[in-house]
Protein chains: 2
Amino acid sequence: MKHRVTLKDIARHTGVHVSTVSRALDPAKSTTISDGMRKQITDAASALGYRPNRLAAGLRTNRSMTVGVMIPDITNALFPPIVRGIESVLEPLGYASILVNTDSEPEREARLVEVLRDRGVDGIIHAAALRQDPTIARAAEAGMPVVTLNRRIEGAEIPFVINDEDAGIRLAVAHLHGLGHRRIAHVAGPQNLSTGQLRAEAFRRAIRALDLPADPRLISEAQRFDEDEGARAAEHLLDTAPPFTAMVCANDRLALGALSVLRARGVPCPAEVSVTGFNNMPFLDRIEPALTTISIRQAEAGAIAARRLIALIGGEAPGGMLETVLPVELVVRGSTGPCPTLESPRDL
Amino acid sequence: MKHRVTLKDIARHTGVHVSTVSRALDPAKSTTISDGMRKQITDAASALGYRPNRLAAGLRTNRSMTVGVMIPDITNALFPPIVRGIESVLEPLGYASILVNTDSEPEREARLVEVLRDRGVDGIIHAAALRQDPTIARAAEAGMPVVTLNRRIEGAEIPFVINDEDAGIRLAVAHLHGLGHRRIAHVAGPQNLSTGQLRAEAFRRAIRALDLPADPRLISEAQRFDEDEGARAAEHLLDTAPPFTAMVCANDRLALGALSVLRARGVPCPAEVSVTGFNNMPFLDRIEPALTTISIRQAEAGAIAARRLIALIGGEAPGGMLETVLPVELVVRGSTGPCPTLESPRDL
DNA sequence: GTGAAAGCGCTAACAT
DNA sequence: ATGTTAGCGCTTTCAC
């Protein structure tokens with residue numbers, strides 16, 4: 001590996017002091033340098049193929065131009081668009097992202113926050129899943145710029161970007177209500193995850209608002225956001241809940257599990273039971289039946305979070321507008337249909 | 001933001017020199033320190049909450065403990081498992097990954113390689129898509145440890161990890177052949193991408209090996225690996241190619257496009273035309289018909305690439321075993337079925 | 001407008 | 001076994 005060209009090399013080639021070179025190459029300071037000198041230096045720099053050493057600059061300025069991006073699991077189809085959204089604003093500004101997967105494990109998350117701090121990240125974007133994660137709040141209190149996605153940290157001055165979970169669930173419930181459904185069940189997500197909890201709450205509110213039966217047995221809670229748990233929760237509903245004609249699932253993967261169960265039991269969807277998901281994951285328009293779901297703006301959420309973080313890093317006070325709520329949309333597909341008429345007489 | 005505790009702080013608190021502290025905290029060097037001293041120092045370190053500044057250490061040692069991970073697009077379902085596979089070996093070793101998306105654009109890729117070098121990454125894992133990318137080869141020649149995924153760089157001593165594309169296509173063709181299909185078409189991927197080209201070549205070889213009709217009109221090339229191009233290429237085949245009863249698609253997204261076209265034209269799959277994909281993307285077991293495809297070991301590929309890179313960084317010569325070929329598997333699902341008997345008489 | 005010098009936090013000779 | 005010294009590449013005061 002050949003010697004990397006440094007400011008010193010440029011200084012030697014131009015017969016000038018390294019500090020002069022440094023200034024000439026810094027757009028913000030280059031005004032204090034004579035035009036001739038500056039041209040001479042920039043020419044030499046590009047001739048020699050100079051590239052600044054960001055580690056050295058970071059050490060000196062305490063600004064690494066790096067941000068940490070913490071997500072539960074990049075393998076979860078929800079997060080890649082968020083990551084790209086983040087990168088789309090950070091990269092043009094000269095920031096690099098260190099990506100870490102927390103697996104939603106508190107200890108792992110705590111360790112990774114430390115790892116990021118050791119590397120001198122200028123800020124952290126935290127696509128939270130856990131409802132309780134003291135680590136990131138502490139980091140923020142210690143002065144680390146932090147923005148969270150999907151989650152508000154209570155009592156902390158941390159800007160956050162969330163989807164309108166409430167509106168999403170309300171749209172799904174209203175859609176089913178419009179189709180004539182009255183007894184609507186909910187396959188809830190894990191209640192220790194923010195989205196799971198928010199959506200379950202939203203479901204209860206939506207049911208109440210429409211004066212529909214709010215039997216707690218119509219809500220079954222999954223332990224994880226995956227197909228197996230969706231199936232388990234759906235079976236539990238079918239076995240123990242009073243009759244229902246629709247299932248609002250807290251996310252698409254739970255809905256997939258619910259659909260499997262319906263198929264396995266020979267319950268036609270949507271003829272007998274309608275199903276909705278949440279997130280609008282890729283390819284769910286291709287399954288049979290195509291899943292009615294709520295689409296969210298992941299990339300935009302990532303981009304906004306990144307912009308907020310840049311502002312924080314730039315010294316802007318977090319106060320004022322902490323919250324950004326992104327709109328969601330109902331995507332109607334084949335898994336929802338009219339409430340079966342045979343059942344109607346039994347309506348309350 | 002409070003002052004971060006440094007070696008100097010520990011030195012002050014324990015009344016020894018910073019270099020002693022540095023040694024005591026370095027597992028490799030701590031043997032040269034008396035037990036009492038070491039305990040005193042490590043105690044002080046944890047009491048004060050010391051965390052090493054990796055930027056400073058990296059500047060000094062020229063080892064940032066950071067690697068660059070270049071992928072075309074994290075949004076492509078193929079890559080998240082690879083990224084996790086990489087992280088699963090790198091993170092426990094203390095390495096962090098800077099993730100960048102190249103979008104398969106040569107200029108962008110070239111710039112990002114520079115960005116990574118500026119940040120002093122110790123090595124680069126390059127999940128290549130482009131067949132021609134001189135940039136990464138140059139970086140490797142300049143001494144940067146590099147491992148590529150999915151692609152061999154000709155003439156360079158760069159270890160690479162690939163899937164057995166040839167075997168995958170051969171399995172698909174053999175499977176169809178076993179079902180009685182004789183006239184098999186290929187929806188090829190972009191020929192400027194390594195997988196597109198390798199799979200098309202493999203297809204030709206497989207067809208030849210089985211003495212099947214090798215009409216060039218039975219191969220239609222997509223410009224991108226996406227559903228639209230898969231649809232376009234499939235339509236082209238249906239419109240211009242001699243009759244065929246099966247389509248081997250170069251990846252799953254092309255296959256999805258092909259399936260759409262078949263449905264739109266009222267051609268039943270697999271009754272009249274069977275379809276195969278490649279990659280075994282998530283959820284394709286849920287579509288109608290479920291896609292027969294080739295599963296590949298993404299996470300393992302990432303993990304192996306990471307291990308190879310660590311070895312390179314550790315000074316191991318790249319020579320010897322440059323190549324790692326990972327086995328693939330045929331996953332038979334509903335999109336492939338027996339060759340329609342009505343067509344059989346027209347076999348050659 | 002440019003040079004000199006100091007120092008970010010750490011490691012690695014070289015001393016003792 | 002510990003201290004001294006120097007310096008990684010850069011930025012930033014402070015002189016002139």
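First the proteins, then the strands, lettered A, B, ... as listed; each starts at 1. From a predicted model like this one, the values you see are computed outputs, not experimental measurements.
- Comparing B:A56 and B:S34 by the nucleotide of DNA chain D whose heavy atom lies nearest to each, the residue mapping closer to the 5' end is B:S34.
- In this structure, B:T32 reaches the bases: a heavy-atom distance under 4.0 Å links it to at least one base atom across the strands shown.
- Distance, A:R117 CZ to C:dG9 C1': 15 Å, rounded to whole Å.
- Between the CG atom of B:L7 and the C1' atom of C:dC8 there is a distance of 13 Å, rounded to whole Å.
- Whole-Å rounding puts the A:K8 NZ to C:dG3 P distance at 16 Å.
- For A:N150 (side chain) and A:I162 (main-chain N/O), no donor-acceptor pair under 3.5 Å exists by modelled atom type.
- Pairs engaging residues 15-25 of chain B under the side chain to side chain donor-acceptor pair (under 3.5 Å) rule: B:H17-B:S19, B:S19-B:R23 [sequence neighbours left out].
- Using a 4.0 Å heavy-atom criterion, one finds that A:L59 contacts the bases of the nucleic acid, with or without backbone contacts as well.
- The separation between A:R119 atom CZ and C:dC10 atom P is 14 Å, rounded to whole Å.
- Using modelled atom types and a 3.5 Å distance limit, the side chains of A:R119 and B:T66 yield a donor-acceptor pair.
- Contact check on B:D103 versus A:R84 returns a salt bridge, with a Lys/Arg side-chain nitrogen under 4.0 Å from an Asp/Glu carboxylate oxygen.
- Between the CZ atom of A:R12 and the C1' atom of C:dG3 there is a distance of 17 Å, given to the nearest Å.
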For nucleotides 12-16 of chain D, print each protein N/O atom paired with a nucleotide N/O atom at under 3.5 Å, atom names and distance only.
{"from": "D:dT12", "atom 1": "OP2", "to": "A:K29", "atom 2": "NZ", "distance (Å)": "2.8"}

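- Salt bridge B:R4/A:D118: present, at least one basic N to carboxylate O contact under 4.0 Å.
- DNA chain C lies under 4.0 Å from at least one heavy atom of each of the following residues of residues 35-54 of chain B: B:Y50, B:P52, B:N53.
- Salt-bridge annotation for B:R108 and A:E91: present, with a side-chain N of the basic residue lying under 4.0 Å from a carboxylate O of the acidic one.
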